[in-house]
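Report on one structure; see the data block that follows.
Here is the naming used below: chain letters follow the sequence lines, and residue numbers restart at 1 for every chain. From a predicted model like this one, the values you see are computed outputs, not experimental measurements.
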There are 2 protein chains.
Amino acid sequence: MTVHAHPELTKNQSLVFGSLSDAGGPLTAYAILDILRENGFRAPLQVYRALDKLVEYGLVHRLESLNAFVACSHKGCSGHGSAAFAICEKCGEVSEFTPDDAIQLLKDWTDGKGFRLSRTTIELRGICRSCGAET
Amino acid sequence: MTVHAHPELTKNQSLVFGSLSDAGGPLTAYAILDILRENGFRAPLQVYRALDKLVEYGLVHRLESLNAFVACSHKGCSGHGSAAFAICEKCGEVSEFTPDDAIQLLKDWTDGKGFRLSRTTIELRGICRSCGAET
DNA sequence: AGTCTAAACGTAACACTATTACGTCAATAC
DNA sequence: GTATTGACGTAATAGTGTTACGTTTAGACT
């Protein structure tokens, strides 16, 4: 498996991040656990602890509507605007993008309400181009 | 409990919708189940089936990031643009709003990708005005 | 009425997702 | 060298959601 080393990552964090990067798409915590059993993982908490840190570092995103996690699509990630996700309900493909303009409009609303925004979740469900093109 | 009758709702659906309306905020499916035990509810599926229909009717929204459900804030609901939610992480208050402009920008992106959008999830986490004002 | 069908319902068992609790280990700071 | 901190290992448990199977109810149609 590719290791995707990161200077600041511990061994477990690297393994979890590597499994997500290799998957090229979202995985549930338990799917990651199964993948990493051959690397000595035994319990969900090992995965969740690593995921907590990776999400904190911005290397991994959580997809709330799937209860799954995905590696950030920005190669040298670390520090960019909030992300949004288009999730194909047919093939499961997930496209990450960064709709700064839309997020600014949302922030305008929260500012007007005196709501201090800390995190945005934007997930779009639908059918991707290639699935929609099928007969 | 208020009954919030709705011509098209079955008894179970009315009970579930009533519990959510009375709560004035989000409830998990199991919280609803506990509330409705005194009305004869015995199993989670009774709640989930009713919720499925209520969400389909647009009377109830699912909050993905809370694994919870909330009654739509539009009194005579039924048929309006996609909703967004601002969730206070301190007091739990949820404000629903309808950011048509932001959603249009997201739709512009999906249209450009040939992604046929069917459902949007927008959930904003942060601290509401009254909680942020506290010492 | 009688019967057919579709939707909703009741119940039990199970599967999936996430956390709590408790103890250990290694690195660093004083 | 011991105190603190953060990561780790393991087990048990809590919380969320679904599958499977059978029954009931309400209309539609002879």
Would you give me the side-chain donor-acceptor pairs under 3.5 Å for residues 112-122 of chain A, sequence neighbours excluded?
residue, atom, partner, partner atom, Å
A:S118, OG, B:E89, OE1, 3.4
A:S118, OG, B:R125, O, 3.1

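Every residue two or more places apart in sequence or in another chain that forms a side chain to side chain contact (heavy atoms under 4.5 Å, CB included) with A:A71 is listed here: A:F17, A:L20, A:S21. For A:T28, the side chain to side chain contact (heavy atoms under 4.5 Å, CB included) test picks out A:Y30, A:A31, A:A68, with sequence neighbours left out. Shown here are the side chain to side chain contact (heavy atoms under 4.5 Å, CB included) partners of A:A23, two or more places apart in sequence or in another chain: A:L27. In this structure A:E123 satisfies the side-chain hydrogen bond (donor to acceptor under 3.5 Å, both in side chains) test together with A:S65, sequence neighbours excluded. Evaluation of the side chain to side chain contact (heavy atoms under 4.5 Å, CB included) rule for A:A50 yields A:Q13, A:V16 as partners, not counting sequence neighbours. Scored by the side-chain hydrogen bond (donor to acceptor under 3.5 Å, both in side chains) test, A:D34 finds A:R37 as partners (sequence neighbours excluded). Partners of B:E93 under the side-chain hydrogen bond (donor to acceptor under 3.5 Å, both in side chains) rule, at least two apart in sequence or in another chain, do not exist in this structure. B:D101 meets the side-chain hydrogen bond (donor to acceptor under 3.5 Å, both in side chains) test with no other residue; sequence neighbours excluded.
For the pair A:N12 CG and D:dT10 P, the computed distance is 11 Å after rounding to whole Å. Whole-Å rounding puts the A:R42 CZ to D:dA7 C1' distance at 18 Å. Straight-line distance from the CZ atom of A:R37 to the C1' atom of D:dT10: 13 Å, rounded to whole Å. Between the CG atom of A:L36 and the P atom of D:dC8 there is a distance of 12 Å, given to the nearest Å.
Taking five base pairs at each end of the helix from C:dA1-D:dT30 to C:dC30-D:dG1, the local helix axes there meet at an angle of 30°, rounded to 10°.
A:P26 and A:V70 get closest at one heavy-atom pair: N-CG2, 4.0 Å. Shown here for A:C72 and A:G58, the closest heavy-atom pair between the two residues is CB-O, 3.7 Å.
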> Which nucleotides of nucleotides 13-28 of chain D have their base under 4.0 Å from a protein heavy atom (B), which only their sugar-phosphate (S), and which neither (-), written as one string 5' to 3'?
Replying inline: ---BBBBB--------
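When DNA chain C is scanned 5' to 3' for any atom under 4.0 Å from a heavy atom of chain A, the first and last hits are C:dT17 to C:dA21.
In this model, the phosphate group of D:dG6 is not approached by any side-chain N or O of A:T10 to a distance below 4.0 Å at OP1 or OP2.
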